[in-house]
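Notes follow once the structure below has been shown.
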Amino acid sequence: MSETITREAPAEIGTNGNGHHNGSAPPRVLDSKIPSGPVADKWEKHKFDMKLVNPANKRKFTIIVVGTGLAGASAAATLAELGYNVQAFTYHDSPRRAHSIAAQGGINAAKNYQNDGDSIYRLFYDTVKGGDFRAREANVYRLAQTSVNIIDQCVAQGVPFAREYGGYLDNRSFGGAQVSRTFYARGQTGQQLLLGAYQALMRQVQRGAVNLFTRREMLDTVIVDGVARGITVRNLVTGEIESHAADAVLLCTGGYSNVYYLSTNAKACNVTAPWRAYKKGAFFANPCYTQIHPTCIPVSGDYQSKLTLMSESLRNDGRVWVPKAVGDKRSPETIPEDERDYFLERRYPSYGNLAPRDISSRAAKQVCDEGRGAGETGLSVYLDFADSIKRLGLETVQARYGNLFHMYHHITAEDPYKQPMRIYPAVHYTMGGLWVDYNLMTTVPGLFALGECNFSDHGANRLGASALMQGLADGYFVIPYTIGNYLAGGAMPKVSTSQDEFKLSAHETQAHINKMLSVKGKRTVAEIHRDLGHLMWDYVGMARNREGLTSVLPKIQGLREEFWNDVRVPGEANNLNQNLELAGRVADFLEFGELLAVDALHREESCGGHFREEYQTEEGEAQRDDENFSYVAAWEYNGEQAPNLHKEPLEFEEVHLAQRSYK
Amino acid sequence: MSASNGTKKNMNLKLLVWRQSGGKDKGKMTTYQANDISPDMSFLEMLDVVNENIIRDGGEPIAFEHDCREGICGSCGVMINGVAHGPDEGTAACQLHMRSFNDGDEIVIEPWRARAFPVIRDLVVDRSALDRIIAAGGYISVNTGNAPDGNAIPIPKEMSNDAMDSAACIGCGACIAQCKNASAALFTSAKIAHLALLPQGDPERGERVIRMVAQMDAEKFGSCSNEGECEAVCPKEIQMTNISLMNREYERAILANKK
Ligand SMILES: Cc1cc2nc3c(=O)[nH]c(=O)nc-3n(C[C@H](O)[C@H](O)[C@H](O)COP(=O)(O)OP(=O)(O)OC[C@H]3O[C@@H](n4cnc5c(N)ncnc54)[C@H](O)[C@@H]3O)c2cc1C
Ligand code: FES
């Protein structure tokens with residue numbers, strides 16, 4: 001089945017070029033464009049069916065890539081290698097600084113090098129199950145298939161993955177997997193993968209095939225005749241508003257964890273690019289699917305600006321526990337073995353300390369809510385290496401986790417070789433994102449979303465080491481094919497940045513900036529952001545319920561009003577103004593947070609990272625409602641009115657729906 | 001790192017900070033008071049607190065770069081009392097904790113200073129020269145899709161470890177800022193070593209080093225006179241042995257070219 005893109009039909013988009021909702025447009029039917037045939041053959045078949053762009057014609061197409069993390073850098077480099085004219089944008093001073101750089105633990109691939117029973121099918125199965133049956137089977141299967149090519153590509157680029165003594169690639173098992181399929185480069189896997197992609201990108205910059213725009217923040221998508229044809233960006237050094245035109249736009253802008261203020265994400269991570277695309281007609285899918293990571297360093301004070309993740313690999317050898325007794329404040333070494341509750345081992349005997357993230361996080365919250373938490377605040381649990389040190393020896397533990405122990409020691413001034421670490425869950429990753437079809441195209445023709453920015457592969461919960469895999473799969477191996485099919489669809493009318501659509505977008509963007517600067521109120525942007533974070537964490541965090549979700553909506557609206565009436569954004573628009581950048585991002589978070597809560601309220605079930613207290617089993621596990629909620633919730637912007645909900649039903653042909661059990 | 005005693009009290013500090021509104025402005029040191037600073041704060045969190053106060057007082061906050069705040073993205077970096085990233089070894093400014101300072105301390109905070117790193121604003125400098133050095137040859141030319149199986153070429157564990165040691169560079173520019181010649185030898189050599197040590201990097205070995213060294217010179221970085229200040233301040237403890245490797249690689253490449 002070949003997919004022709006109906007880009008000649010702007011009326012279908014439901015928006016006109018100004019981003020105002022076109023009320024008379026017929027309701028959209030979400031077409032996921034999943035190819036027919038058995039799941040294992042879909043991608044091969046699709047690759048064959050898709051149209052190709054003639055090599056000589058590729059350079060006539062300009063593709064804008066926003067973001068240079070794993071998804072963006074791999075896409076930009078690969079598309080340039082193919083001959084497309086690429087323009088890459090990032091708000092960082094260098095592509096190498098994207099948030100992907102911070103990933104520690106590793107990247108999954110179904111290589112089965114360990115001969116321990118792994119296969120493409122098993123990775124596919126684990127990912128669908130791990131996502132609590134809320135992901136698209138076809139996408140996940142493709143992800144598992146391409147995973148093997150990613151490793152090959154990265155090795156060829158010189159990524160120094162860990163090796164065994166024989167010189168072959170080493171693997172570890174990682175959160176929620178019973179096979180060893182995670183490839184890693186010390187505790188810096190994301191760094192090494194990103195440097196590989198960055199170097200490939202810089203090679204294309206040198207060739208002149210990629211035009212690189214650093215210190216540029218994309219603030220709007222420009223739509224001409226219903227099709228994405230460019231972007232509006234702010235030059236962060238001069239403050240100039242620039243327009244850039246293209247034949248297709250790829251958003252590779254990462255996740256929105258920072259709507260919670262405190263998260264493990266880099267400080268600048270934000271929702272602006274997808275949010276403003278949403279306001280131009282791209283649907284936002286499953287915003288309530290947020291992942292809380294179980295092993296982070298606990299909050300220490302009000303000044304705290306971000307949370308630090310301790311790699312999940314620590315759970316391979318560390319044992320998680322709290323005292324059995326409520327309010328037991330003895331120092332951990334003095335608490336005898338039989339007065340400790342190794343609650344993950346107790347509740348999930350077969351997975352133990354390796355139970356998936358959502359389950360481990362919630363279990364930690366529960367014991368802390370019971371008053372059994374560790375540390376002064378009572379908001380942490382122990383991660384104890386004493387047994388491993390006894391069993392494996394200090395040296396082995398040092399070799400495996402030395403850098404992580406060092407980091408922990410550095411931040412907390414506590415020595416994990418001598419006393420157990422203290423950890424607590426923190427917001428870490430967002431499974432929700434722009435709705436995309438099998439080709440990674442959003443509901444706006446010509447606008448694609450890759451990496452964490454889209455919603456596609458992880459359902460309601462992402463398995464450890466699968467985000468790096470997805471970002472690189474999207475960029476290296478999916479978009480290079482699917483974009484060709486889109487561009488080969490037919491001649492594209494010429495656009496120029498002097499057209500009204502570009503001018504209007506630039507004008508509106510500037511007006512938004514001026515408005516923020518003109519409030520001149522009393523509250524700083526950071527204060528308001530922190531307030532928003534508290535609301536989101538308290539009411540839309542690890543456990544949610546109807547009452548809380550209903551009550552938080554007016555609170556978010558109130559905070560948004562406060563922002564627009566009382567924020568103080570210092571400085572001017574025409575130079576480097578970091579507070580102004582932050583203000584724009586927080587303004588978008590203040591709108592987006594509401595959609596996240598609306599989505600959480602509407603989903604009357606518990607699944608993966610979305611836990612509704614009303615919907616749990618007797619043992620306190622997430623209770624899905626497959627009959628009523630086995631769909632992707634895709635929200636359509638509707639101006640001042642409530643957003644429209646579109647449902648993409650999820651069909652499971654391969655994997656048998658079951659209650660996730662890790663017992 | 002300094003041994004902390006969790007009981008250390010909050011501190012009052014005097015900051016002398018470089019303020020410069022833009023590339024054309026001459027810039028000057030300005031004094032700020034940082035009061036009630038917790039020893040558990042990071043250095044950047046301390047600057048956040050100072051900035052919030054500046055904003056409340058109607059001023060413009062101090063511009064400084066940061067993002068990951070866990071020592072890996074290479075965004076942050078300022079001179080702290082004349083030392084790139086401050087007093088703790090193997091630590092980026094974002095990971096430096098205030099427990100390394102004492103009540104009443106005076107702290108001088110300045111941007112990286114190097115001809116190749118023009119100041120953009122306050123503590124923010126333009127480090128794009130480093131990207132251009134990488135663009136000149138800091139990669140292996142392999143198009144997507146070309147790769148053989150990941151295990152096709154075994155790489156001795158030790159070799160891979162050594163490559164990783166060099167590849168750990170975060171591109172922050174501290175080595176250059178600390179060097180009296182503002183040499184980029186440590187940065188450049190780390191990439192050259194990373195790729196030269198791996199079999200995959202072998203085919204382009206000679207050309208790579210020649211092109212990267214040429215770019216380094218074109219960017220007006222100074223030459224290396226083996227002072228070792230770079231190694232001392234590197235937050236990732238990248239070793240000077242990379243520089244000797246680069247020099248050997250360079251000689252080898254020039255000789256090969258002559259043949
Ligand atoms: C601490 C930590 C550890 C992790 N460890 C792992 C792990 O071990 N394994 C794993 O699989 N996953 C891990 N993850 C998750 C994973 O790192 C991310 O999901 C993934 O790297 C996201 O890649 P990306 O390319 O989609 O986005 P990012 O890397 O976030 O890149 C976003 C890019 O977009 C740019 N950008 C954003 N908005 C704009 C805009 N408006 N204008 C211009 N540019 C813009 C940014 O400059 C940046 O270049 C970890 C995450 C964290 C926080
Ligand atoms: S902020 Fe990323 S290294 Fe310091």
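Residue numbering restarts at 1 for every chain, and letters A, B, ... go by the order of the sequence lines. Remember, it's a predicted structure, so these values are computed and weren't measured experimentally. Values below: every heavy atom of this structure, side chains too, minus hydrogens, waters and symmetry copies.
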Contact class of A:L309 relative to chain B, heavy atoms under 4.5 angstrom: backbone

Distance only, no hydrogens: is a donor on one side chain within 3.5 Å (strictly under) of an acceptor on the other, for A:S305 and B:R69? yes

Contact class of A:Q192 relative to chain B, heavy atoms under 4.5 angstrom: side chain

Comparing B:L198, B:N151, B:D126 against chain A, the one with the most heavy-atom pairs below 4.5 Å turns out to be B:N151

Any salt bridge linking B:E70 with A:K306? Criterion: basic side-chain nitrogen under 4.0 Å from a carboxylate oxygen. yes

After noting the C-alpha distance and the side-chain angles of B:E60 and A:Q578, does the key distance pass the side chain to side chain contact (heavy atoms under 4.5 Å, CB included) rule? CA-CA 10 Å; B:E60 290 195 33; A:Q578 295 171 320; over 6 Å; no

In terms of heavy-atom proximity below 4.5 Å to chain B, should A:V205 be classed as side chain, backbone, both, or neither? neither

Could you tell me which portion of A:Q157 (side chain, backbone, both or neither) has an atom closer than 4.5 angstrom to a non-hydrogen atom of chain B? both

Verdict with supporting geometry, B:R132 and A:Q206, side chain to side chain contact (heavy atoms under 4.5 Å, CB included): CA-CA 8 Å; B:R132 291 189 292 273; A:Q206 184 81 351; over 6 Å; no

Is it the side chain or the backbone of A:L195 that comes within 4.5 Å of chain B heavy atoms, both, or neither? side chain

With distance as the sole criterion, is a donor-acceptor pair present between the side chains of A:Y303 and B:D40 under 3.5 Å? no

Scan side-chain atoms only and decide if A:H99 and B:D67 contain a donor-acceptor pair under the 3.5 Å cut-off. no

